[in-house]
Structure formats: structure tokens, C-alpha cells
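Below you'll find the structure, written out as C-alpha cells, and then a few comments.
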Amino acid sequence: GAGVSQTPSNKVTEKGKYVELRCDPISGHTALYWYRQSLGQGPEFLIYFQGTGAADDSGLPNDRFFAVRPEGSVSTLKIQRTERGDSAVYLCASTSNPGGPLHFGNGTRLTVT
Amino acid sequence: TQLLEQSPQFLSIQEGENLTVYCNSSSVFSSLQWYRQEPGEGPVLLVTVVTGGEVKKLKRLTFQFGDARKDSSLHITAAQPGDTGLYLCAGKGQTSGSRLTFGEGTQLTVNP
């Protein structure tokens, strides 16, 4: 079956611009996670959704970052006033078992120039 | 914040050698997962360990969860070039809800 899909795969934007990153989870998976990964590092937790609600957003670095999952399926990570330090690969994962094994997408590589 | 430290950070070996990578924390985890990640792709789950002292085998890979559930190891026997990748451990803490915390990873290169 289809896995987790993330679009775009690459995004280049200028400092100060707004970006949206999309995640299509595996059908039926109620839990959805966003992570950020810098080169050579492990994924850093950002936010976790259970259904439509954000169950844990403690990893969002500041108020420029926001994520939604309005219908409990597709999720969008939104970054306002992007900074060069936001450059990273943003990974999305879903699971039918919160806290259990995660199924990751291939990520969106964000580059802020 | 529960931290997972992985060692070594980098490992380069010849085909056929054995190796062990470690994942350590000062915190207790209710479960721990190991993932492997290749360039341009997301991490892929290898195994989940739940019980202290648990040992799981996946072909040439052996995973162990420490008795106190604070550490884990991954041992690879007779490594092959196809084992090359970033190996990540991820723990579910006792007080962190469903949040998974990842280690920094061990970048393994197996040379033919």
C-alpha cells in the first residue's frame, strides 16, 4: 500500500518568506508526527497529532512554527518569517499505535537562503 | 528532556567484520526502537524492544535492551556493504506520553 507522502521533496525559499510543508499519512493512521533533521543528526521532535488535535507541541522551537491537521488525515507544517537556521529536512511519520513504530516519509528538504 | 547518546558517532569497517553500536541514557524508557536511514529517505524501523534484558535477532543483527531499560545495543555480524547507513535509536519515555526521542545516530560505512 501507499506509504507516507511528503510534498514538496525540496523547497528553496528566501529569508523572511512563509512556507508550507505537506504530509499525507498512511490511510487509517490516527497519529502523525513531525520531526526536523539536520545533516548528520538524529530527528528532533516537533509536534505530534492524535486525530485532529495536537497532543504534544512541546518541540516547536518558537511561534513562527505552526502545524494543523484539520480532518485528521493530511497535515501541514507552516513556518512564518523563515530564517537560515530553519534549513533542515522536515520528516513526517504516522502510526496506528501512538508511541509505537513510526512510518516515515522521505522528508522535505528546506533551504532558506 | 530525555536524552539518548549513541556511540560511536561514525564507524567505518571492512566487509565481514563484526560491530556493536550503543544507545545510552540516564532515563528509563518504556520501549526502545532501532531504525536505519539511507540518504534521501526517512528512517525505517528495524526492531522494537520493550522488556528489560530482552534480546531480539533479525538475521545478522542482534538487539539487546538493558536490564534497567536505560540502554540498548545493536550488534551486526559479518557486516556487508548493504548494511551501510545511519542507525538511530529512539526511546519512548515513561513520562513523555507518545513522544519518541531519537539519538544522534551512528553512521556506519561497510567497505567492500
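Per chain, numbering begins at 1; letters A, B, ... match sequence-line order. It should be emphasised that the depicted structure is a prediction, and the values quoted were computed from it without experimental measurement.
- No more than 12 heavy atoms of other residues, nucleotides or ligands lie within 6.0 Å of CZ in A/F66, so this atom counts as exposed by the packing criterion.
- Heavy-atom neighbours of B/Q14 CD from other residues, nucleotides or ligands within 6.0 Å: above the threshold of 12.
- When the side chains of ILVMFWY residues are joined at heavy-atom separations under 4.5 Å, either directly or via intervening members, A/L60 and A/Y90 end up in a single hydrophobic cluster.
- Both the backbone and the side chain of B/E41 come within less than 4.5 Å of a heavy atom of chain A.
- Between the CZ atom in B/F102 and the CG atom in A/L102 there is a gap of 5.5 Å [rounded to 0.5 Å].
- Grouping the Ile, Leu, Val, Met, Phe, Trp and Tyr side chains by contacts below 4.5 angstrom, directly or via other members, places A/W34 with A/F65.
- Ranked by heavy-atom pairs shorter than 4.5 Å toward chain B, the options A/P98, A/P101, A/G107, A/G105 are led by A/P101.
- More than 12 heavy atoms of other residues, nucleotides or ligands sit less than 6.0 Å from atom CD of B/E17.
- There is no contact between A/S9 and chain B, counting heavy-atom distances below 4.5 Å.
- In terms of heavy atoms, A/F45 sits closest to B/R99 at CD2-CD, 3.1 Å.
- Proximity to chain A is absent for every atom of B/Q6, based on heavy atoms less than 4.5 angstrom apart.
- For B/Y35, the part lying near chain A is the side chain, with the backbone staying farther off; criterion is any non-hydrogen pair under 4.5 Å.
- Only the side chain of B/L86 has a heavy atom closer than 4.5 Å to any heavy atom of chain A.
- Counting heavy-atom pairs closer than 4.5 Å to chain A, the top-ranked of the candidates B/C89, B/G103, B/S30, B/S98 is B/S98.
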Inset, instruction - Report the C-alpha separation of B/L100 and A/Y48 in whole Å, then their side-chain angles, then the decisive distance to 0.1 Å, and conclude whether the side chain to side chain contact (heavy atoms under 4.5 Å, CB included) test is met. - result: CA-CA 10 Å; B/L100 282 175; A/Y48 147 62; over 6 Å; no
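- The greatest number of non-hydrogen atom pairs below 4.5 Å with chain A, out of B/G40, B/G105, B/A90, is found for B/G40.
- Hydrophobic cluster membership differs between B/Y22 and B/W34, with clusters built from Ile, Leu, Val, Met, Phe, Trp and Tyr side chains linked at under 4.5 angstrom.
- Heavy atoms of A/Q37 lying under 4.5 Å from chain B belong exclusively to its side chain.
- A continuous path of ILVMFWY side-chain contacts below 4.5 Å connects A/I79 to A/L46, so both sit in one hydrophobic cluster.
- Hydrophobic clustering (ILVMFWY, side-chain heavy atoms < 4.5 Å, transitive): A/V4 and A/L77 are in distinct clusters.
- Highest contact tally toward chain A, considering only B/Q37, B/Q9, B/Q33, B/Q107, is held by B/Q33 [criterion: heavy-atom pairs under 4.5 Å].
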